[in-house]
*Asks:* 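Could you have a look at this structure, given as structure tokens, before my questions?
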There are 2 protein chains.
Amino acid sequence: MAEPSTRTVERALQLLGSVCDAGFLTLADAARGTELSASTALRLLRTLESAGFVRKDDEGAYRPGLRIVQLGAQALSHESIISLAEPALERIVEATGESAYVNVRAHHGPGGEHGLYIAMREGTHSVRHSSWVGRTVPMEGSASGAVLSGKTPKAGYVVVDRGVEADVTAIAAPIAVEMHAPDGTTTGTRVIAALSIVAPSYRMNPEKIKAIGELVAEEAHNVLTAYQQENQP
Amino acid sequence: MAEPSTRTVERALQLLGSVCDAGFLTLADAARGTELSASTALRLLRTLESAGFVRKDDEGAYRPGLRIVQLGAQALSHESIISLAEPALERIVEATGESAYVNVRAHHGPGGEHGLYIAMREGTHSVRHSSWVGRTVPMEGSASGAVLSGKTPKAGYVVVDRGVEADVTAIAAPIAVEMHAPDGTTTGTRVIAALSIVAPSYRMNPEKIKAIGELVAEEAHNVLTAYQQENQP
DNA sequence: CACTGCGTTTCACTTATTGAAACGTGTATT
DNA sequence: AATACACGTTTCAATAAGTGAAACGCAGTG
């Protein structure tokens, strides 16, 4: 029962991922990237196309289709953590002017574990961080990755300067629930998401970082409270 | 060469769509909804799961996975029309306080043609229309559907009161480019997207509708100009 | 003009998908 | 309690269905 996966579907999904990653791909490129024969790639891409998951542009290249957009938006709307976190994001932006994000652990894919940005509230500064929603970041070397891994110091937040991108500072705090065994004993904590801000480093300084870090940690706790209220009564 | 589609993949994608539509689905429900045998549905769902496109929640039901969220966000970021339309959405919201949207024709699926909401800017009124991004609406009976079909009157915008939802008024205007044959003659127009606002009907009146309609039509034209600048030089 | 790479189609091989059946379990029904 | 039912899961033999090498036409290149 190790891997009762269907190869055809796996290949098709891989193809779909390639197209979305690249933005647009020619048939030959897609076939090379997934190590499929051209005929197989063509057949699968056509299937994806007829279902609306990819489409061919004017130049004949394959692009992400609208069905992906639709399903992605639907999926997002079903992620309750996002709507719960939205007020917190808004308050963080209001207080700091920087873009604020919600991160979760991404599906464990090739290349190790990653975090995924699933929601954002844009900052108000004219020089601000543009959207990273949909982007993944490695767990090591990123602030949100650290808190998602459970490596949060007692301060309650993590700061990473120039981690995943130069000249950018990230501050993240975990939204973590306690896990209980059936008998009620606490078995540890599980980080369900992270709240983070991403800002140009030149605008930061130790005091500001401390203030923002404490704010993010506090808001993360507020989100946790809202989350528990929704899942307990 | 009519339909060289692979059945396995079609079924898997259908399953994926069901899960995303429903938000969460039990195996038996998914199998029923797609008319697959339980064993086949299980195998395919497991394949989707191992690729991160669906996941099982604590109760064992299937939910949309994070991979869908990721690919959807990536796909959205590659839709240039959205970034081009964002300033227009912002101005519309600023001027009217109502939520503003970008619509496109959805992939032609079962149940006739539909429009798809792909971007939104939230209104500022406290009673406002919440997000419809990812939602589809029938072409008939909706304002955005009408303009996407090319049925825009000379006024330049379409108003539908209580069309797809009770107590809601929608106003839409087309973003349309002229089509040219290789020899340069105009062969017609193609609507690439629609700009629209959706608001509670009680807040509307003839003068307001006229003002908003003209604003939306004007902004749609602004987006068109930006679009042409990007695709011509 | 020969050459290379692309998108496409064809086709024989057999691999890999399929669905009925059977099983264990938990939840309604009687 | 005993029965019936629905769900998730596994097994397995039949064969439907996916596969890739090869060949084709076309366009761009040296």
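Side-chain atoms are counted along with the backbone in the values below, which use heavy atoms only and exclude waters and symmetry mates. The chains referred to below are lettered A, B, ... by the order of the sequence lines, with proteins before strands, and numbering in each begins at 1.
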*Asks:* Tell me which residues in residues 24-35 of chain B lie within less than 4.0 Å of DNA chain D, going by non-hydrogen atoms.
*Replies:* B:Thr26, B:Leu27, B:Ala28, B:Arg32
*Asks:* Please report how far the helix from C:dC1-D:dG30 to C:dT30-D:dA1 bends, comparing the axis fitted to its first five pairs with the axis fitted to its last five, to the nearest 10 degrees.
*Replies:*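 End-to-end axis angle for the helix from C:dC1-D:dG30 to C:dT30-D:dA1: 30°, rounded to 10°.
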*Asks:* In chain order, what residues pass the salt bridge (Lys or Arg N to Asp or Glu O under 4.0 Å) check against A:Asp29, with sequence neighbours excluded?
*Replies:*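 Here the qualifying residues are A:Arg32.
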*Asks:* B:Leu42 has an atom CG; how far is it from atom C1' of D:dT9, in whole Å?
*Replies:* 7 Å
*Asks:* Please check if the number of heavy atoms outside A:His78 that lie under 6.0 Å from its NE2 is greater than 12.
*Replies:* yes
*Asks:* Give the residues of residues 54-68 of chain B touching DNA chain C, defined as any heavy atom closer than 4.0 Å, sorted by residue number.
*Replies:*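 Residues of residues 54-68 of chain B that come under 4.0 Å of DNA chain C do not exist, since none gets that close.
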*Asks:* Rounded to whole angstrom units, what separation is found between the CG atom of A:Leu15 and the C1' atom of D:dT19?
*Replies:*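 Atom CG in A:Leu15 sits about 15 Å away from atom C1' in D:dT19.
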*Asks:* Under the ring-ring contact (aromatic ring centres under 6.0 Å, His included) rule, collect the residues that match up with B:Tyr157, sequence neighbours excluded.
*Replies:*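 B:Tyr157 satisfies ring-ring contact (aromatic ring centres under 6.0 Å, His included) with no other residue.
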*Asks:* Could you work out, with side chain to side chain contact (heavy atoms under 4.5 Å, CB included) as the rule, every residue matching B:Ala75, not counting sequence neighbours?
*Replies:*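 With sequence neighbours excluded, B:Ala75 shows a side chain to side chain contact (heavy atoms under 4.5 Å, CB included) to A:Pro64, A:Ile68, A:Val69, given in chain and number order.
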*Asks:* For the pair A:Lys56 and A:Glu49, find out whether any cationic side-chain nitrogen is under 4.0 Å from an anionic carboxylate oxygen.
*Replies:* no
*Asks:* Not counting sequence neighbours, which residues clear side chain to side chain donor-acceptor pair (under 3.5 Å) with A:Ser196? List them please.
*Replies:* A:Asn103
*Asks:* Any side-chain heavy atom of B:Ile197 sitting closer than 4.5 Å to one from B:Arg121?
*Replies:*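 In short, these two side chains do not touch, never coming nearer than 4.5 Å.
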*Asks:* Is there side-chain contact between A:Val198 and A:Tyr117, with at least one heavy-atom pair below 4.5 Å?
*Replies:* yes
*Asks:* For A:Asp58, check salt bridge (Lys or Arg N to Asp or Glu O under 4.0 Å) against everything at least two apart and list the hits.
*Replies:* none
*Asks:* Should the pair A:Arg46-B:Glu10 be classified as a salt bridge under the 4.0 Å nitrogen-to-oxygen rule?
*Replies:* no
*Asks:* Report the residues that fulfil side chain to side chain donor-acceptor pair (under 3.5 Å) with A:Glu79, sequence neighbours left out, ordered by chain and then residue number.
*Replies:*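 Partners of A:Glu79 under the side chain to side chain donor-acceptor pair (under 3.5 Å) test: B:Arg55.
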*Asks:* Can you build the contact string for nucleotides 11-20 of chain C? Use B for base contact, S for sugar-phosphate-only contact, and - for no protein heavy atom under 4.0 Å.
*Replies:* -----SSBBB
*Asks:* For A:Thr40, give me all partners under side chain to side chain donor-acceptor pair (under 3.5 Å), at least two apart in sequence or on another chain.
*Replies:*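 By the side chain to side chain donor-acceptor pair (under 3.5 Å) rule, A:Thr40 matches A:Ser37.
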*Asks:* Could you list the residues that satisfy side chain to side chain donor-acceptor pair (under 3.5 Å) with A:Arg11, not counting sequence neighbours?
*Replies:* none
